[in-house]
Amino acid sequence: MKDLHIYNTLKRKKQKFEPINTPHVGMYVCGPTVYGDGHLGHARAAITFDVVFRYLKFLGYKVRYVSNITDVGHLENDADSGEDKIQKKAQLEQLEPMEVVQFYTNRYHENMRNLNVLRPSIEPHASGHIPEQIELVEKIMKNGYAYQSNGSVYFDVLKYNNEHNYGVLSGRKVEDLYETTRELDGQKEKRNSFDFALWKKADKKHLMHWKSQWSEGYPGWHLECSAMGQKYLGEKFDIHGGGLDLQFPHHESEIAQSVAAYGQEPVKYWMHNNLITINGQKMSKSLNNFITLFDLFSGNSDLLEKNYSPMTVRFFILQAHYRSPLDFSNEALKASEKGYLRLMKAAETLQKLTPAKKSTIKVAEIISKATDAINDDFNTPIFISVLFDAVKIINSVNDGKETLNAADLKKLQEFFSSYTHDVLGLLPLEKSAETDSDLTNDLIKTILEVRLNAKNNKDFTTSDLIRDKLLELGVLVKDKKDGFDWEIKKS
RNA sequence: GGUGACUUGGCCGAGCGGUUAGGCACUGGUCUGCAAAACCAGCUACGGCGGUUCGAAUCCGCCAGUCACCUCCA
């Protein structure tokens, strides 16, 4: 594929990506609710759309990427029905709600930095956009799609559905929703069970609330994305992303709110990433089977056999297509770790290759195969498989079995660094402090020259002793035809 | 109950009617004084039963199993 194609959930097919106002692209992605640490599932969403963001920029688009921080807290439906998540956590930890919010926001950012996820252009907080949300509720009411009941405001789904389609995104039919909605707080105030809150009156114990003409309360949970998306990206923008589990009712309701307020659907391309499963079940906070990113990086969990570096995790996620479910297992992570190391070592080798007179490899073919893959709805697993084809070539050239001319070598080097680093966001292997030190490098080199000398004199006792001693120190010696190479092993 | 998705070799994971995806593991070989690294080769699968087709992992039907959404969730 020459042009970028994106699978649009709204149309249920891949479509050529054509921005509404080229070269500008507006993209909105539902961000985390900051009442706890992020887990592998959050990483998948963040990395999926990070690659989208990176690739669009790489293609030359001017992208405004907005991703919200949900800090208002919304209804939680377990035994403590009606409690606000952030409020609950605040009481538990005896903190100010905003202190909880700040704490977990900081930790989320730390995780994202480790995963090499670029910060969005704008990262708006729901709590900082209460007036905008109130204004949106007013608009929807004025247009007749909402009603007030006991201090709360609800969206009139039935009325909306008569004129539009509540279900365009998720394929649901309102008739089918009658029997399937369970008893929720405030159910009796609604005309229909599937009506959703735009504004909710806060009870006395509720810590987070704001003044409005209807009541002292807080905004409904679909509202912030509609309000902030519209504020920063306009009434209609290009891409809206999020996890598959947000498709209904969250995104469906967002569409309804925007149509009710502005008379048009807010988004051209809807993208949904699939979920991470563990033992075949989705990883989620409510099922309590999640592994936080901090645990993953430190290895501190009964589910983990060891720790995995952020880049291993990133690579693991990119090895599956974003619309497929991805099952977590230690075996899979370990396989990704090895693969990532091999890929990055080849990237290092590539920089050291010397050009030959002519090429025995068709570099352009490889590059076009790879770009086709990423243009085909961000097919990173295929893309990576092509990278591994290139790894074979790089190693063969390094072994003198294949050759690349100067132009091809340069092409391949540029391709590797731009796509691997800029688009996929994979960082090169971390250099420990030692490797960066010239003195250490020179010392190792000197020692290995001594060893080479011993080897040439067939003094293998000495040469093996040096090799073993260096290995004990964490330096892995790799003999080559005409000398040696080494790497500092990570523990 | 309604809606949608999935079932691929030891493991992970692509595939969208006809070419070996790829990674990891394993086995054999090349290289090496021996190793390591690297390279080469092998292991060649598509839940079951039918159907369409010259040809199906890929389309259709039935059966079995798994999952997701319908409640906050990435």
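Note on naming: letters A, B, ... go to the chains in the order of the sequence lines (proteins, then strands), and numbering restarts at 1 for each one.
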How close or far is atom [atom2] of [N] from atom [atom1] of [X], stated in whole angstroms?
X	N	atom1	atom2	value
A:Q319	B:G15	CD	C1'	16 Å
A:D327	B:U7	CG	P	13 Å
A:D389	B:G22	CG	C1'	7 Å
A:I278	B:C73	CD1	C1'	16 Å
A:R172	B:G4	CZ	C1'	8 Å
A:E252	B:G4	CD	C1'	13 Å
A:K345	B:A38	NZ	C1'	10 Å

Over all strands shown, is [X] touching base, sugar-phosphate only, or nothing at heavy-atom distances under 4.0 angstrom?
X	value
A:H272	nothing
A:R44	nothing
A:K455	base
A:L246	sugar-phosphate
A:N395	sugar-phosphate
A:E331	sugar-phosphate
A:L387	nothing
A:S324	sugar-phosphate
A:D485	nothing
A:K282	base
A:G41	base
A:N398	nothing

Confirm from the modelled atom types if A:S396 and B:C39 form a donor-acceptor pair under 3.5 Å, side chain to base only. no
Nearest to the side chain of [X], heavy atoms from C-beta on, is which of [options]?
X	options	result
A:D464	B:G33, B:C70, B:G23	B:G33
A:D245	B:C73, B:A21, B:C39	B:C73
A:K392	B:C24, B:C40, B:A68	B:C40
A:K401	B:G33, B:C73, B:C39	B:C39
A:R467	B:C34, B:A68, B:C73	B:C34

Applying the 5.5 Å / 30° rule, does A:F388 stack onto the base of B:G22? no
Both conditions, 6.0 Å and 45 degrees, for the charged tip of A:K306 above the ring of A:Y308: are they met here? yes
Parallel, tilted or perpendicular: which one describes the rings of A:Y419 and A:F415, with boundaries at 30° and 60°? tilted
Cut-off 3.5 Å, side chains only: do A:S336 and A:Q319 have a donor facing an acceptor? yes
Bracket notation of RNA chain B in which parentheses pair within the strand, [ ] cross earlier pairs, and | pairs with another strand (Watson-Crick or G-U, under 3.5 Å): ((((((((.[[[..)..(...]]].(((((.......)))))....[[[[[..)....]]]]])))))))....
